[in-house]
Structure formats: structure tokens, C-alpha cells
Chemist: 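Structure below; questions to follow.
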Amino acid sequence: MVHLDRHFIAIGTATLDRVYQMQDLPHEGGKYRAHAYLEVGGGIAANAAVAIARLGERVEFIGRVGSDAAGRHIVAGLAAERVGTRGVQIIRGTRSVTPAVLVDASGERITVSNTDPRLYDGAGGIDAMLEEVERSAGVMADVRWIAGAKIVLQAARRAGRPVVLDVEKAPRAAVDELAPLASHLLFSRPGLEFYSGQADPGRGLLAVREVLDGVVGVTLGGDGALIATGTGVVHIPAPAVKVVDTTGAGDAFHGAYVVAVADGADAIEAARFASAVAALKCTRLGGRAGLPTRDEVEDFRRLHG
């Protein structure tokens, strides 16, 4: 059910992805030819914001872009997806993040990216968005813009709002600074292994629960997700689909997860809903173009559970 009187917040990265579709991913130096190319908005939190909007919800994105053509393209792309952009800061003299994404015939990918170190220096005028944060139904954040995310997550915590933190592979200090402010910590497999020092995801989750509060989970791509509960670790299988492109599947999962939590779902049911959204995204090319609508997700779940 969509609630027209509520809104969500997504804070973190926004990019302009340059996607090259290939039969096979490169495995050595040389020249390679792509059989398809597209430019599409990306970024962890920005994709999650679009996922939320596609599900019929209102959402505001808070983040930073450079003062370049790519930055203008990123903001316009978010607005075209009905994502609010009043929280976007344009940082003069910096460049936006423009990853090259190579995608093979099975949907696997290689991403090559570079971030201007000045882009995420400081929090700027983020205070102007804090009233909306406190009134929101929930917040989704990544760990790239620490200064901005910390202020937003503190405001959400004061207001008792659910906060879903997407923990990619990042310096431990960055995770430790934001994790105590989140109610749900959802790691990627590499992020969990890097943080916990455990190669086995189940053991990694149990290790994390020893030092961090809140719900803890990990996304495992085609292997689904794991959620740590008070009695152990629960496996959420990924629905079986024909994979076209896995780009942005984790972002879709996190955006859908915070919507489900706001709907009153527990962590297990929220992960099941989010897994369906991520699976549907994987059936289409592009980290953002493939994001499903609420009706598509409900139809899919009736068939796949």
C-alpha cells in the first residue's frame, strides 16, 4: 500500500554511469568492443531513491555532485524519476562521479570509478533538510559522504525514524562512525568480509552483532540475503530469474527494504520484499532503468513468493 502523506530520505552518492554491454568481461589487456552502450544515472543512495519512487513513494535525495555537465545530467535524471532534488549540493570546481560499467552476457559486471576527494569534504548547507528528515517515514544512507550522512542520521535517530545503512566495502572507521546511528545495517558480501574479517557471511554477521546494535544483514547477490535474528541467521533465497544486468540490484534491495520497514514489516519480511525488487531489477539492463513498480513487484511475488 502506498501512503501519499509520507516521504522518505536517501542520502549519499549519485553518479552518471557509462554502461558498456559485452559478450564477455575482459581478462587481459587489449582493445574490446561493446555491442551496446548507455548513460544512466547511478550511485548507491541515488539508485535507492529511484527504487523508492518507482514503488510509488515520495522521496528526497540528499547528496553532492560536481559543477560539470555530468552533475547537471545527474540532477535532471533524478528529477525525471520523481525524486526530490532540493537536497542536492553542487560543489564548485569539482567533478561528478562517472563510473565505467562493463556488463557481460550473464549480467555480471566490472565497475571502474574515481571520486574527486573534494566532493565529500564537509557537510555544507545540509541543516536546511533536517526538518524533512525528522518528518520522514525512513532514511536510507550509504557510507560515502560521512560528514553529511552523520548529521542526517543523527536527526533521524532523534526523531525515532528507521535508518537503513548500506555498508559497502569501506574503511572501518567510516562504518563505526555511522553504524551506531542506524537501526538496520545491511552489508554487501565484500563489505561484511572486510569489516568482520570473516569469509563466511553467517559467521561475519554473528561477529558484527557482537559489536554493533540494530538489525544486521548481508546481501549475497544470486544467493539471496542473510538476516541475523535473536535465534540465529535466517537465509532469504533470491527468486530465480533470467539475469540481464546485476548493476544496482543491491541499491534496489536497500530502497525497497526501508519502504517495507515503514510499512510495518519485520526484518525477514522486509528482506523478502526487497529480494523480489532486486530480482526484478536484474531482469533488465541498467542500474536504474530496470527498477520495478509496486504493481510489478506484487504480481511477481504472487508468482514467486
Chemist: State the CD1-CG distance between Ile44 and Asp142, to the nearest 0.5 angstrom.
Modeler: 4.5 Å
Chemist: Inspect the contact between Lys281 and Asp251 and indicate whether a charged nitrogen and a carboxylate oxygen are less than 4.0 angstrom apart.
Modeler: no
Chemist: Only counting residues at least two apart or in another chain, list the ones meeting side chain to side chain contact (heavy atoms under 4.5 Å, CB included) with Arg109.
Modeler: Val101, Val103, Thr111, Thr246, Thr247
Chemist: Could you go through Ser113 and Val97, starting from their C-alpha distance and side-chain angles, then the distance that decides it, and tell me whether this counts as side-chain contact (heavy atoms from CB on, under 4.5 Å)?
Modeler: CA-CA 7 Å; Ser113 187; Val97 184; 3.3 Å; yes
Chemist: What's the separation between atom OG1 in Thr94 and atom CZ in Arg118, rounded to the nearest 0.5 Å?
Modeler: 6.0 Å
Chemist: Which residue pairs pass the salt bridge (Lys or Arg N to Asp or Glu O under 4.0 Å) test with at least one member in residues 38-47, sequence neighbours excluded?
Modeler: Arg18-Glu39
Chemist: Indicate yes or no: does Arg144 engage Glu168 in a salt bridge with an N to O separation below 4.0 Å.
Modeler: no
Chemist: Just so I know, are the side chains of Ile227 and Val233 near enough to count as touching, which here means a heavy-atom distance under 4.5 Å?
Modeler: no
Chemist: As an exercise, state the distance from CZ of Phe300 to OG of Ser275, rounded to the nearest 0.5 Å.
Modeler: 9.5 Å
Chemist: Taking the side chain as every heavy atom from C-beta outward, state whether Ile146 and Leu178 have any pair of such atoms under 4.5 Å apart.
Modeler: yes
Chemist: Check whether the side chains of Thr293 and Asp295 place a donor and an acceptor atom closer than 3.5 Å, and report yes or no.
Modeler: no
Chemist: Can Glu60 and Arg86 be counted as an ion pair, charged N to O under 4.0 angstrom?
Modeler: yes
Chemist: For the residue pair Thr15 and Pro99, what are the closest heavy atoms and their distance?
Modeler: CB-CD, 3.7 Å
Chemist: Can you tell if the side chain of Val50 reaches within under 4.5 Å of the side chain of Leu78, non-hydrogen atoms only?
Modeler: yes
Chemist: Does a side-chain heavy-atom distance below 4.5 Å link Ile126 with Ile62?
Modeler: yes
Chemist: Is there a side-chain contact between Arg301 and Arg272 (heavy atoms, below 4.5 Å)?
Modeler: yes
Chemist: Please determine whether a side-chain nitrogen of the Lys or Arg among Glu134 and Arg158 lies less than 4.0 Å from a carboxylate oxygen of the Asp or Glu.
Modeler: yes
Chemist: Is any side-chain heavy atom of Arg6 less than 4.5 Å from a side-chain heavy atom of Arg58?
Modeler: no
Chemist: Please determine whether a side-chain nitrogen of the Lys or Arg among Glu296 and Arg284 lies less than 4.0 Å from a carboxylate oxygen of the Asp or Glu.
Modeler: yes
Chemist: Not counting sequence neighbours, list each pair that qualifies as a side-chain hydrogen bond (donor to acceptor under 3.5 Å, both in side chains) and has a residue in residues 191-213.
Modeler: Asp176-Tyr195
Chemist: Give me the atom names and distance for the closest heavy-atom approach of Ala123 to Trp145.
Modeler: O-CZ2, 3.7 Å
Chemist: Are Tyr32 and Ile110 connected in the hydrophobic side-chain network, where two residues link if heavy atoms are under 4.5 Å apart?
Modeler: yes
Chemist: Checking side-chain contact (heavy atoms from CB on, under 4.5 Å) for the pair Val139/Phe8: CA distance, chi angles, key distance, verdict?
Modeler: CA-CA 6 Å; Val139 175; Phe8 292 84; over 6 Å; no
Chemist: For Asp263, is there an ion pair with Arg294 - N to carboxylate O distance below 4.0 angstrom?
Modeler: yes
Chemist: Taking Asp116 as the fixed residue, which of Arg64, Arg92, Arg95 is the one that meets the salt bridge (Lys or Arg N to Asp or Glu O under 4.0 Å) rule?
Modeler: Arg95
Chemist: Can you give me the closest heavy-atom contact between Ala49 and Ala10, atom names plus distance?
Modeler: CB-CB, 3.8 Å
Chemist: More than 12 non-hydrogen atoms from neighbouring residues, nucleotides or ligands closer than 6.0 Å to CD on Glu269, yes or no?
Modeler: yes
Chemist: A side-chain contact here means heavy atoms from C-beta on lying under 4.5 Å apart; do Val59 and His7 qualify?
Modeler: no
Chemist: Could you grab the distance from atom OH of Tyr120 to atom CD1 of Ile91, nearest 0.5 Å is fine?
Modeler: 10.0 Å
Chemist: With rounding to the nearest 0.5 angstrom, report the CZ to CG distance, Phe187 to Leu185.
Modeler: 5.5 Å
Chemist: Of Leu186, Thr219, Val277, which meets side-chain contact (heavy atoms from CB on, under 4.5 Å) against Tyr257?
Modeler: Leu186
